[in-house]
Amino acid sequence: MKKLTTLLTATLVAVSLSAQTPQTDEAFLQKDFLNSFHHRLPSPQALLPNLPTSSPSTLKASPYKNLPEDRVWFPGEWEQVKAVVVTPFYRYLVPGHERESTWSALPLVSGYAQYQQYSYTAGWQNRGIGPYGAAVDTASSFGKVFFYIMDGIQLGGAEAWVHVENPADSAVILRTLARMNLRHDNLKFFSCKGNSFWYRDCGPICFYHGDQDSLAMLDFKYSVGRALDDSIPSYIHWQMGIPNYRVPLFWEGGNCLVDGAGMLVTSDAVYTNNSRNYGQYTWDGEDINTLSYERWNPLSAPQTKQILSQLIGQRATYILPKYHYDGGTGHIDLYADMYDENGFVFSQIPDTYSSWDDYTIGRKNIDSLCSYKSLFNRDYYTMATLPFPSKDNGSNFSSQYEYGRGYTRTYSNHTFVNNVILQPCFSKVGSDGMPTAAWDRANIEKISLAYPGYTIYCIDVREFDGTGGAIHCVTKQIPADNPIRILHKNIHGTMTAGIGNSNLPVSAIITNRSGIAHAEVLYRINDSDEWQSLDLTPNGNRWYGHFPFSEINTTIDSVDYYISATSNNGKTITKPMTANQGGYYHFAFCTDALIDSSWFDFDTTPIPMENITFSFGSNWATEENEEPRPLAAIEENSLEENIGQFYPNPASDEANLNINLGSGSNFDVTIIDQSGRTIHRSKLQTAGQIVYTINASRLATGIYNIVFSNGDTRIVRRLIVK
């Protein structure tokens, strides 16, 4: 029997060091490595010297296809989600130094990493490029943060979509969650290689479109130097089945804030990110010496804003000055979010730090945001102001430099998961779920008042100090299927008791793909246990009614209310979503002159659908095509018995496959890795019975598809390399 071996070539850089560093505290090394290489800025790997640039960026990997032409809307983060994307923290290991904390690897492309060794005199030093290993961190304080995040996601009734470097890592994650007595029954795993853990920034920005509210994703280009993370939306597309549209614009999800009705806020960091003339790493998938930069045609500020406004902020796009001392990201999610479509919640730098640059920038940005008009043609307002964190002992930061370099702490960097908020805190969390430091606990209690009805899931994130982010930065929501959308011009504040015999109107825009069967307002007076119901009447997509204040004594103190809607396909949701947990809208009466009169009007005219949705204009994106296809999407198109299965499988050395070609045949042989990238292509021209052998030791650990094609015949065999 003949034996045919396919050789997969790869250039590995051998590393030898003569000097040895003394033992250094492992926790210190991990913290220093995080702050040096895993901060939220573009990776230092982007500064690798002497790399050539490849052909200009044209995104020809996928054919241009039009974005959906039907109505589109980007939901707010407070709306219902079905899943949240997250990764565990991985330790990337240098072969031969796996147990040495003074060595670590920084993945560049699939299978190859830059080696770093710590010297007590010179810090982290570059020691070449070569293969690497990946191990889930289940023990360190930093690593455990991600398991608490997975637990909190499930508490919010969503699936945790967990990235794993290797399929076998899913078992490690499940065991660790069980050992930590955390939830582990609502997870899905997707497998691919990664660079870091900032999944807010590299993850997709989801939107709904069409009469069925179909879910799709926009995939922006991510930080230079993190090519593997840049591919995360493609893996979600391939393995979770959500259509993906790739956009030729550098932009991170942490710099995206939408109101769910066509308004976008971001910072001018997006201008800087698109002004350089080089892009992401590229290579041929075989020879690491082909590593190069994608050439990038810089975009002007007007071009950048035009793309964002035509894609996301069609009603309004606001680009504000970035902070100077926020860890370097310039991202909006470090100081602002939205409770709903009516206004913002801010982390406002206190007067104690009035000499800081960011104090002035922040105040001006807040003033600007509150001067913009909402969907309902009234000013956005400050719905709440969050407290500002302190140092561990409760003391103030000595300077803006100290804060920006070593802390960048903020309570705003949290994540909504339906009726739960995954909330950063800055001291150990006690058995009651609250921080143990008195100053930290007092701040979380204030935050609870700012988000009524939400379950606040506290996570101690001090290990993130100095990286420029926290919980919001490492999570990315995937919106729910079959959404019921409620947009409501909420009544709040204080009004005169003189309204007397007038009935106060209440209305909302409510939509669902099946239509709305019933909508009502539930309200109560003066914190009564008795809730009363007010049916709403449809008028187009607007549902409206009137509080019967002609029957109510308007010397009462207050009214709590919320909206409930049920779709024709049987789904019910409330606005606010936390109504059943105590999250209500609230307004009050007084006997003085009218206060906050701008919040009360009698307009019940339906708002046209085009005012709350839009259609994409110019074609700024490409849709993921069918090649390269993911593992799950490649199916065997033929069951030809003349090509067997690989053995052993999994393999670590050689993997063999029996083929009987009889009188002879010609096949094109393609090896595709788990990212869908072709890493080897050859021709098989032979006759009779042979053993086809792959040198698995030259492949990175993972799953591969080996495709044999001959005209219309296509046969796929799967190989696992361990």
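Keep in mind the model is a prediction, meaning the values are calculated, not measured.
Side-chain atoms of Thr415 and Arg200, non-hydrogen and from C-beta on, do get closer than 4.5 Å to each other. In this structure the side chain of Leu684 never reaches within 4.5 angstrom of the side chain of Asn666, judged on heavy atoms. Residues Phe190 and Thr87 fail the side-chain proximity criterion, which asks for heavy atoms closer than 4.5 Å. Residues Cys192 and Leu228 have side chains not in contact (no heavy-atom distance under 4.5 Å, counting atoms from C-beta outward). In this structure, the side chains of Val474 and Phe146 come closer than 4.5 Å at one or more pairs of heavy atoms. For the pair Leu699/Ile694, a side-chain contact is recorded, criterion being any heavy-atom separation below 4.5 Å from C-beta on. The closest side-chain heavy-atom distance from Gln477 to Val417 is not below 4.5 Å. Here the side chains of Thr176 and Leu182 are not in contact, with every heavy-atom distance at 4.5 Å or above.
The pair Asp151-Arg183 counts as a salt bridge, with a side-chain nitrogen and a carboxylate oxygen less than 4.0 angstrom apart. Arg698 and Glu654 are not joined by a salt bridge, as no carboxylate oxygen comes within less than 4.0 angstrom of a charged side-chain nitrogen. A salt bridge links Arg40 with Asp333: the distance from a Lys NZ or Arg NE/NH1/NH2 to an Asp or Glu carboxylate oxygen falls below 4.0 Å. Comment: Arg409 engages Asp465 in a salt bridge, judged by a side-chain N to carboxylate O separation of less than 4.0 angstrom.
Put simply, the side chain of Asn649 gets close to the backbone of Ile720: a donor and an acceptor are under 3.5 Å apart. With hydrogens and angles disregarded, no donor-acceptor distance shorter than 3.5 Å links the side chain of Glu100 to the backbone of Glu98. Between the side chain of His414 and the backbone N or O of Leu422, no donor-acceptor pair lies under 3.5 Å. Here the side chain of Asp219 pairs no donor or acceptor atom with the backbone of Asn244 at under 3.5 angstrom. Using a distance-only test at 3.5 Å, with no hydrogens or angles considered, a donor-acceptor pair links the side chain of Asp137 to the main chain of Ala139. The backbone N or O of Ile672 lies less than 3.5 Å from no partner atom in the side chain of Asn705, so there is not a single donor-acceptor pair. Within the 3.5 Å criterion, the main-chain N or O of Asn186 finds a donor-acceptor partner in the side chain of Gln154.
Residues Asp201 and Trp251 have side chains that never bring a donor and an acceptor to within less than 3.5 angstrom of each other. A side-chain N or O of Lys193 and one of Asn166 form a donor-acceptor pair less than 3.5 Å apart. For Tyr293 and Gln280, the side-chain atoms include no donor-acceptor pair closer than 3.5 Å. A donor-acceptor contact closer than 3.5 angstrom links the side chains of Gln30 and Ser140. With hydrogens and angles left out, the side-chain atoms of His38 and Ser196 include a donor and acceptor closer than 3.5 Å.
Nearest heavy-atom pair, Phe89 versus Gly143, reported as atom, atom and distance to 0.1 Å: CB-CA, 4.2 Å. Here the closest non-hydrogen pair linking Tyr222 and Cys202 is CD2-CB, 3.5 Å. When all heavy atoms are compared, the tightest approach of Pro648 to Ala651 is O-CB, 3.4 Å. Taking every heavy atom of both residues into account, Ser191 and Tyr235 meet most closely at O-CD2, 3.8 Å. Nearest heavy-atom pair, Ser141 versus Glu463, reported as atom, atom and distance to 0.1 Å: CB-OE2, 3.6 Å. Minimum interatomic distance between Leu41 and Thr329 (heavy atoms only, all atoms of both residues): CD2-N, 4.1 Å.
More than 12 heavy-atom neighbours from other residues, nucleotides or ligands sit within 6.0 angstrom of CZ on Arg462. For Asp653, the CG atom counts as densely surrounded, since its 6.0 Å shell holds more than 12 non-hydrogen atoms of other residues, nucleotides or ligands. Crowding of Arg681 atom CZ: a count of heavy atoms from other residues, nucleotides or ligands under 6.0 Å not exceeding 12.
Taking the six-membered ring for Trp and the full ring otherwise, Phe464 and Phe142 have centroids separated by under 6.0 Å. If you look at Trp296 and Phe250, their ring centroids are closer than 6.0 Å. Ring centroids of Tyr132 and Tyr92 are separated by less than 6.0 Å, placing the two rings close together. Between Tyr245 and Phe220, the ring center distance fails the sub-6.0 Å criterion.
Atoms CD1 and NZ, on Ile149 and Lys144 in that order, are 15.0 Å from each other to the nearest 0.5 Å. Note that CD of Glu252 and CD1 of Ile205 are 9.5 Å apart. Values are rounded to the nearest 0.5 Å. We find the CG-OH distance between Leu29 and Tyr120 to be 14.0 Å, quoted to the nearest 0.5 Å. A distance of 7.5 Å separates CZ in Arg276 from CG in Asn274, rounded to the nearest 0.5 Å. Note that CD of Gln116 and OG1 of Thr102 are 12.0 Å apart. Values are rounded to the nearest 0.5 Å. Between the OG atom of Ser709 and the CG atom of Asp668 there is a distance of 4.5 Å, given to the nearest 0.5 Å.
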**Study point:** Stepwise side-chain hydrogen bond (donor to acceptor under 3.5 Å, both in side chains) test for Thr282 and Ser292
**Key:** CA-CA 5 Å; Thr282 63; Ser292 62; 2.9 Å; yes
Point to revise | Candidate pair Tyr692 and Asn656, rule side chain to side chain contact (heavy atoms under 4.5 Å, CB included), full reasoning | key: CA-CA 6 Å; Tyr692 184 85; Asn656 303 300; over 6 Å; no
Practice item. Could you give me the CA-CA distance, side-chain angles and deciding distance for Val716 and Ile706, then say whether side chain to side chain contact (heavy atoms under 4.5 Å, CB included) is met? Key: CA-CA 6 Å; Val716 181; Ile706 293 79; over 6 Å; no
Check your understanding: Passes side chain to side chain contact (heavy atoms under 4.5 Å, CB included), Ile236 versus Met217? Steps please.
Key -> CA-CA 10 Å; Ile236 295 173; Met217 306 182 295; 4.0 Å; yes
Check your understanding: Could you go step by step and tell me if Phe147 and Thr138 meet the side chain to side chain contact (heavy atoms under 4.5 Å, CB included) rule?
Key -> CA-CA 8 Å; Phe147 291 97; Thr138 63; 4.1 Å; yes
Point to revise | Criterion salt bridge (Lys or Arg N to Asp or Glu O under 4.0 Å) on Glu294 and Lys221, from CA distance to verdict | key: CA-CA 12 Å; Glu294 175 189 47; Lys221 298 177 75 65; 3.2 Å; yes
Point to revise | Tyr90 vs Asp169, side-chain hydrogen bond (donor to acceptor under 3.5 Å, both in side chains): CA-CA, chis, key distance, verdict | key: CA-CA 10 Å; Tyr90 273 89; Asp169 293 340; 2.7 Å; yes
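Ring geometry, Tyr112 versus Trp283: the interplanar angle exceeds 60°, so the pair is classed perpendicular (tilted spans 30 to 60°). Between Phe37 and Phe33, the angle of the ring planes lies from 30° to 60°, which puts this pair in the tilted group.
Judged by the 6.0 Å distance and 45° axis criteria, Arg717 is not positioned over the aromatic ring of Tyr704.
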